[in-house]
There are 2 protein chains.
Amino acid sequence: MNKGQIFTSLVLEIFKVSGQLNAEGDQLTAPLGLTSARWKVLGAISLLQAPQTTSDIARYMGQSRQATQRLVDSMVADGLLELVENPRHKRAKLVNLTAAGKDAYARLDEKQIPWAQEHARGLTREELETAFSVLSKLSQQLNRQG
Amino acid sequence: MNKGQIFTSLVLEIFKVSGQLNAEGDQLTAPLGLTSARWKVLGAISLLQAPQTTSDIARYMGQSRQATQRLVDSMVADGLLELVENPRHKRAKLVNLTAAGKDAYARLDEKQIPWAQEHARGLTREELETAFSVLSKLSQQLNRQG
DNA sequence: ATTAACTTGACAATATGTTGTCAATATTAA
DNA sequence: TTAATATTGACAACATATTGTCAAGTTAAT
């Protein structure tokens, strides 16, 4: 197998694992009435440590502005997020976590940490770092070319 | 960062790259009137080197039987796939590539090979193999627990 | 300052995925 | 053999993603 063929195998595995992780996230979040997709939005705002515009969140998540917009809208309706005025843009409000949103994210973090540690158990630090590095480089390459 | 945290970063990167690859695949296949999802179905049957039931294809792709069923149905309608009798099961027909399906897959392969080689260029063989190995192990772990 | 180019929210169309359910078929166990 | 269990196709409900489009707002260029 040449490098291109290994790369192709990797791509197929990425698709498979991504679907499995989404299903896993859906189950992990279901008791809180959430989903993988909404969890990721909560995480984006938490990790960026400040209210963000929908477009910012979309860029951070690496997906379309429109997909993120719909998630944000429904999460505002559900009381997980709130829109606050943005001094830098009249229409593009900032998306912020409500108390309920922060609480939900904290509760999911409690579940996610032992979950991650358990799944990381069979892998070495070097393996995990290399895998992350490869995917990170790939993401940047795909970003440039669109 | 402990191993669990690296693992979590990897998970987020998998989500991002998966979306980017799907978008890339949609663009690559659009000139042929196809999509990433349909390409993967063609690939599954090609790589398994024999007609398969819809359930077999779903398992190979790591996604639900129902999602695969819909893809297969629409691809049959479009003449890319055909259903043939399955001597081992009265209802579960075998899904086979038509001439048009084989032709489309061959044409996509011609595009995909240089695409894969180009993206693999910035990565060493060892990096690619490790990344594949990590995701493969992860997929198996996620499969057990479901 | 005015214009051109870009960004953003809003809305729609469409594709793809999950889960749930039911009846038909196969497989396994007793 | 018969009964319990599992798999499969078919259909539906729903969540999530892409792309496309338009008008409002911002930024950059002249």
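Since the model is a prediction, treat every value here as computed from it, not as a measurement.
- One atom, CZ of A/Arg38, and another, C1' of D/dC14, lie 11 Å apart when rounded to the nearest Å.
- Judged purely by distance below 3.5 Å, without hydrogens or angles, the side chains of B/Thr130 and A/Thr130 never pair a donor atom with an acceptor atom.
- No more than 12 heavy atoms of other residues, nucleotides or ligands sit less than 6.0 Å from atom NZ of B/Lys102.
- The interatomic distance linking A/Leu34 (CG) with C/dT18 (C1') rounds to 16 Å, in whole Å.
- A sub-4.0 Å separation between OP1 or OP2 of C/dT16 and a side-chain N or O of B/Thr35 is present.
- Counted within 6.0 Å of NZ on B/Lys90, heavy atoms from surrounding residues, nucleotides or ligands total 12 or fewer; the atom is thus considered open.
- Using a 4.0 Å heavy-atom criterion, one finds that A/Ala37 contacts the sugar-phosphate atoms exclusively.
- Atom C1' of nucleotide D/dA17 and atom CD of B/Glu24 are separated by 16 Å, given to the nearest angstrom.
- Ion pairing between B/Arg70 and B/Asp73 fails under the 4.0 Å rule for side-chain N and carboxylate O.
- Here the options are B/Thr68, B/Thr35, B/Asn22, the test is side chain to side chain donor-acceptor pair (under 3.5 Å), and the partner is B/Lys40; only B/Asn22 passes.
- When rounded to the nearest whole Å, the span between CG of A/Leu71 and P of C/dG9 equals 14 Å.
- For the pair B/Gln63 CD and D/dA17 P, the interatomic distance rounds to 15 Å; values are reported in whole Å.
- Using a 30° and 60° split on the angle between ring planes, A/Phe7 and B/Trp115 fall in the perpendicular class, above 60°.
- B/Glu85 has its CD atom 14 Å from the C1' atom of C/dT25, to the nearest Å.
- At a cut-off of 3.5 angstrom, the base of D/dA17 holds at least one donor-acceptor pair with the side chain of A/Arg70.
- Listed by residue number, there are no residues of residues 14-21 of chain A with a heavy-atom contact under 4.0 Å to DNA chain D.
- With 3.5 Å as the limit, one finds no donor-acceptor pair spanning the side chains of B/Gln112 and B/Trp39.
- As a whole-Å value, the separation of B/Ile57 CD1 from C/dG17 P is 13 Å.
- The side chain of A/Ser64 places an N or O atom within less than 4.0 Å of a non-bridging phosphate oxygen (OP1 or OP2) of D/dT18.
- Residue B/Ser74 places none of its side-chain N or O atoms closer than 4.0 Å to OP1 or OP2 of C/dA15.
- Rounding to the nearest 0.5 angstrom, the gap separating the NZ atom in A/Lys93 from the CD atom in A/Glu85 is 5.0 Å.
- Scanning all heavy atoms of the two residues, the minimum distance from A/Glu82 to A/Leu97 falls at OE2-O, 4.0 Å.
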Exercise. Summarise protein proximity over nucleotides 1-12 of chain D in one line of letters, 5' to 3': B for base, S for sugar-phosphate only, - for none, counting protein heavy atoms closer than 4.0 Å.
Key: -------BBBB-

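- For the pair A/Lys40 NZ and C/dG17 P, the interatomic distance rounds to 14 Å; values are reported in whole Å.
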